[in-house]
Amino acid sequence: MKRTPLALLNLLHEKTRLIVAIAGVGFAVLLIFMNLGFQGALLATTVTFYEQLDADIFLTSPESLEISSTKAFPRVRLAQIAGVEGIERTMPLYMEYLLWRNPETRISRAMFVFGINPQDPVFGMPEVQTPAAQQALEAPNTVLIDRLSREEFGPQTVDLETEAGRRRVIIGGQYSLGGGFAADGTLIMSDQNFIRFFAPRPFSQINLGLIQVKAGANIEAIATTLRRLLPADVRVMTRREMIQNDLQFWLQTTAIGFIFSLGVIVSFIVGTVIVYQILYTDIRDHMKEYATLKAMGYSGRYLFGIVLQEAVILAVAGFVPGWVVAVGLYRLTREATNLPMIMTVNRLVLVFTLTLIMCSLSGLISVRRAVTADPAEVF
Amino acid sequence: MATSQSSGSSPVTPTTSAVQIQNLHYSFGSGDLTKQVLFDINLTLPRGQIVIMTGPSGSGKTTLLTLIGALRTVHAGSLQVLGQEVVGLSRRKLVSVRRNIGFIFQAHNLFESLTAAQNVEMAVELKGQFGTKRSQAVEILDKLGLSDRVDYKPGSLSGGQKQRVAIARALVNHPLLILADEPTAALDKKSGRDVVTLMQKLAKEENHTILMVTHDNRILDVADRIINLVDGRLESDENLDTFVSTHDPKSLDRRMFIM
Ligand SMILES: Nc1ncnc2c1ncn2[C@@H]1O[C@H](COP(=O)(O)OP(=O)(O)O)[C@@H](O)[C@H]1O
Ligand SMILES: [Mg+2]
């Protein structure tokens with residue numbers, strides 16, 4: 001036989017209080033999961049986006065912030081470095097927002113547009129590389145549309161006609177990319193069409209220069225060479241630096257990263273306060289009994305253990321429902337927004353650890369009272 | 001413990017005393033706020049004796065009990081409990097002295113979340129006897145007439161039953177010394193009487209020493225000896241016969257309740 005599980009029995013005895021405690025912890029856990037989920041989705045969309053761009057080195061304007069807020073720079077910079085040792089290919093990328101009219105509701109909404117040379121293998125998605133897609137890109141006023149665009153943009157049937165930027169536009173095909181936090185939907189069109197849609201924007205100004213290096217070439221060394229060769233109106237970044245730059249922008253420069261971090265901290269504090277309240281009330285109600293245990297010969301350490309056990313039990317009991325609901329909400333969010341909200345093992349472990357810390361912290365704050373229970377005061 | 005348990009109901013002259021107090025003083029507070037509560041207490045409780053302590057409210061009875069029970073640190077005089085000098089002991093050492101003492105309080109102080117047996121088992125667990133804790137708890141509850149209430153929680157027990165569970169918890173480890181502070185105060189006349197009679201019976205069986213504070217003059221007859229504390233001083237110390245013959249009920253009442 002084992003020790004009487006006093007912590008568990010004490011918690012189970014006050015059913016209402018236990019339910020409130022579990023709901024409180026569960027709610028805090030859920031909030032933490034959602035905040036981390038959104039933050040993770042943001043980071044993931046940024047990264048998956050670059051995963052589909054087939055380039056090793058990027059040229060941008062030094063004034064560009066991230067992929068969806070770039071400043072144009074002269075296309076001639078690409079031509080200047082095309083002959084550098086180790087460079088396989090250079091490709092221009094044009095980017096703008098375009099108002100896309102939903103053909104059913106006739107409501108317009110901003111779409112993010114990539115303009116490419118149809119001959120260039122800019123994107124990794126296989127659907128963009130089929131002969132049919134190539135042919136569609138070459139056709140005037142024809143675009144490929146992102147399957148993961150929000151529903152509000154309307155149907156995506158091939159050959160469907162609608163209006164974009166006051167011009168007639170034809171859907172020539174589909175692909176899957178996802179616009180992440182920056183865009184509700186994306187389009188790919190040829191550079192020729194791009195110039196038409198965004199007239200009077202000149203052909204000579206591009207938003208991103210994509211550079212593929214030869215197999216086995218030293219990317220860092222080439223980037224260093226390019227930095228030396230190019231004037232200050234372009235910035236040279238490797239793929240890793242580019243991703244890092246965008247992550248940094250979202251996390252630090254915009255309120256988004258801050259809001260989610262704040263969300264996690266606030267949820268953590270709310271959880272800590274709830275658990276503290278519960279444990280404190282529990283200790284207060286059992287003060288005489290705890291003092292009696294001390295009079296019988298139990299040590300302060302035993303009472304310390306009881307309170308910490310109660311904290312850990314609340315952590316586990318609250319974590320499970322919080323996690324289950326979070327999995328459900330992740331799915332809902334995925335379906336409603338196409339954001340990649342995924343319950344990773346890492347996040348599971350992280351949030352469980354946070355929950356344990358949250359409850360133990362409350363336990364440590366409230367335990368003083370139990371440990372200082374004065375056995376002389378119960379007579 | 002073995003010798004004390006083997007001595008039957010006939011009192012044996014104890015070789016060592018359960019409690020030996022010499023020149024004990026005790027004050028609450030410090031500096032200007034110091035309030036002395038106990039003055040020059042000298043008291044010896046031989047093993048196996050049932051002693052009742054009376055005295056007006058505020059005279060220091062509870063304080064003396066908590067000192068003997070090693071619940072407070074003492075600095076002046078000498079206080080030996082079960083052969084161990086308590087004066088000057090650290091808090092941690094005091095905890096181990098307590099494990100040989102059974103405490104019974106005015107309130108039962110049972111965990112509402114635990115059954116009668118589990119409350120008693122909490123005491124057995126202190127001795128590390130996990131294997132037999134259930135049987136020990138059931139046995140002592142049975143002796144206290146609670147064999148059909150073993151798995152009830154305090155919420156469904158009467159006041160007298162709860163106090164008997166508390167007594168079972170205090171006695172289950174066969175403590176050599178039992179300290180009780182008005183154990184019948186919260187009980188009606190009959191249950192109070194029953195509880196004290198049971199305590200007396202168990203104490204005599206195992207040669208326990210009992211020091212009990214009470215205002216209840218209907219239970220004085222269980223005592224071998226009655227001591228009286230007034231304003232922090234031991235006023236009289238007599239055996240039951242002398243006490244009864246020198247205190248007619250009226251004056252007894254006056255001394256105990258009006259002073
Ligand atoms: N923790 C304490 N701090 C200060 N004074 C106390 C404390 N406990 C008791 N006293 C005082 O000590 C005196 C004796 O109290 P107590 O031992 O409880 O008396 P009794 O049990 O005989 O009624 C009283 O005057 C009381 O006010
Ligand atoms: Mg008192």
Side-chain angles (χ1 to χ4, degrees), chain A residues 1-22 278-307 309-311 313-314 317 368-379, chain B residues 61-67 69-73 91-92 94-115 117-135 137 153-155 166 169-170 172-173 175 179-182 213:
Chain A
M1 275 212 246
K2 312 186 302 288
R3 242 176 222 294
T4 307
L6 185 60
L8 181 65
L9 293 172
N10 273 353
L11 286 176
L12 287 176
H13 189 67
E14 293 281 343
K15 295 269 184 322
T16 322
R17 189 184 294 168
L18 179 63
I19 289 168
V20 170
I22 291 177
I278 299 289
L279 292 180
Y280 181 87
T281 321
D282 195 70
I283 291 170
R284 191 196 59 201
D285 290 357
H286 291 119
M287 216 47 201
K288 285 212 146 213
E289 289 90 326
Y290 285 149
T292 305
L293 288 185
K294 274 196 154 178
M296 284 159 61
Y298 277 96
S299 61
R301 190 139 49 96
Y302 174 82
L303 298 185
F304 188 86
I306 291 291
V307 176
Q309 277 176 46
E310 291 194 0
I313 292 170
L314 289 181
R368 266 179 49 96
R369 225 177 119 92
V371 172
T372 55
D374 186 354
E377 294 303 323
V378 292
F379 266 113
Chain B
K61 304 183 296 297
T62 298
T63 307
L64 182 56
L65 222 55
T66 58
L67 295 183
L71 299 176
R72 296 184 194 277
T73 43
R91 281 182 183 275
R92 195 141 52 87
L94 288 179
V95 172
S96 62
V97 175
R98 282 175 215 159
R99 295 192 180 184
N100 299 312
I101 302 173
F103 291 98
I104 300 164
F105 310 94
Q106 183 175 333
H108 54 80
N109 297 336
L110 298 173
F111 277 98
E112 296 286 336
S113 57
L114 303 185
T115 63
Q118 285 171 327
N119 266 295
V120 176
E121 287 166 25
M122 289 295 294
V124 186
E125 286 175 21
L126 271 173
K127 301 254 155 169
Q129 296 162 351
F130 296 97
T132 55
K133 64 174 186 175
R134 169 83 188 175
S135 57
K153 287 189 178 165
R169 177 172 65 179
V172 68
N173 288 335
L179 300 174
D181 196 3
E182 306 188 36
V213 172

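Quick note on labels: first sequence line is chain A, next is B, and so on, each numbered from 1. Not measured: the values here are computed from a predicted model.
- Going from atom CZ of B:F130 over to atom NZ of A:K2 covers 11.0 Å, rounded to the nearest 0.5 Å.
- Contacts with chain B (heavy atom to heavy atom, under 4.5 Å) involve these residues of residues 296-304 of chain A, listed by number: A:M296, A:G297, A:Y298, A:Y302.
- Between chain A and the residues B:Q118, B:K153, B:M122, the largest count of heavy-atom pairs under 4.5 Å involves B:M122.
- Contact annotation for B:L110: only backbone heavy atoms (N, CA, C, O) come within less than 4.5 Å of a heavy atom of chain A.
- Heavy-atom proximity under 4.5 angstrom to chain B picks out A:L9, A:N10, A:H13 from residues 9-20 of chain A.
- In terms of heavy-atom pairs under 4.5 angstrom with chain A, the leader among B:L126, B:V97, B:T62 is B:L126.
- Smallest separation of non-hydrogen atoms from A:A295 and B:F103: O-CE1, 3.0 Å.
- In terms of the side-chain hydrogen bond (donor to acceptor under 3.5 Å, both in side chains) criterion, residue partners of B:E125 (sequence neighbours excluded) are, by chain and number, A:T4, B:K133.
- Here the closest heavy-atom approach between residue A:L6 and residue B:S113 is recorded as CD1-OG, 4.5 Å.
- Proximity to chain A is limited to the backbone of B:I104, based on heavy atoms less than 4.5 angstrom apart.
- Ranking B:Q106, B:H108, B:E112, B:R92 against chain A, the residue ahead of the rest is B:E112, based on heavy-atom pairs under 4.5 Å.
- Residues passing the side-chain hydrogen bond (donor to acceptor under 3.5 Å, both in side chains) test with B:N109, sequence neighbours excluded: A:T292.
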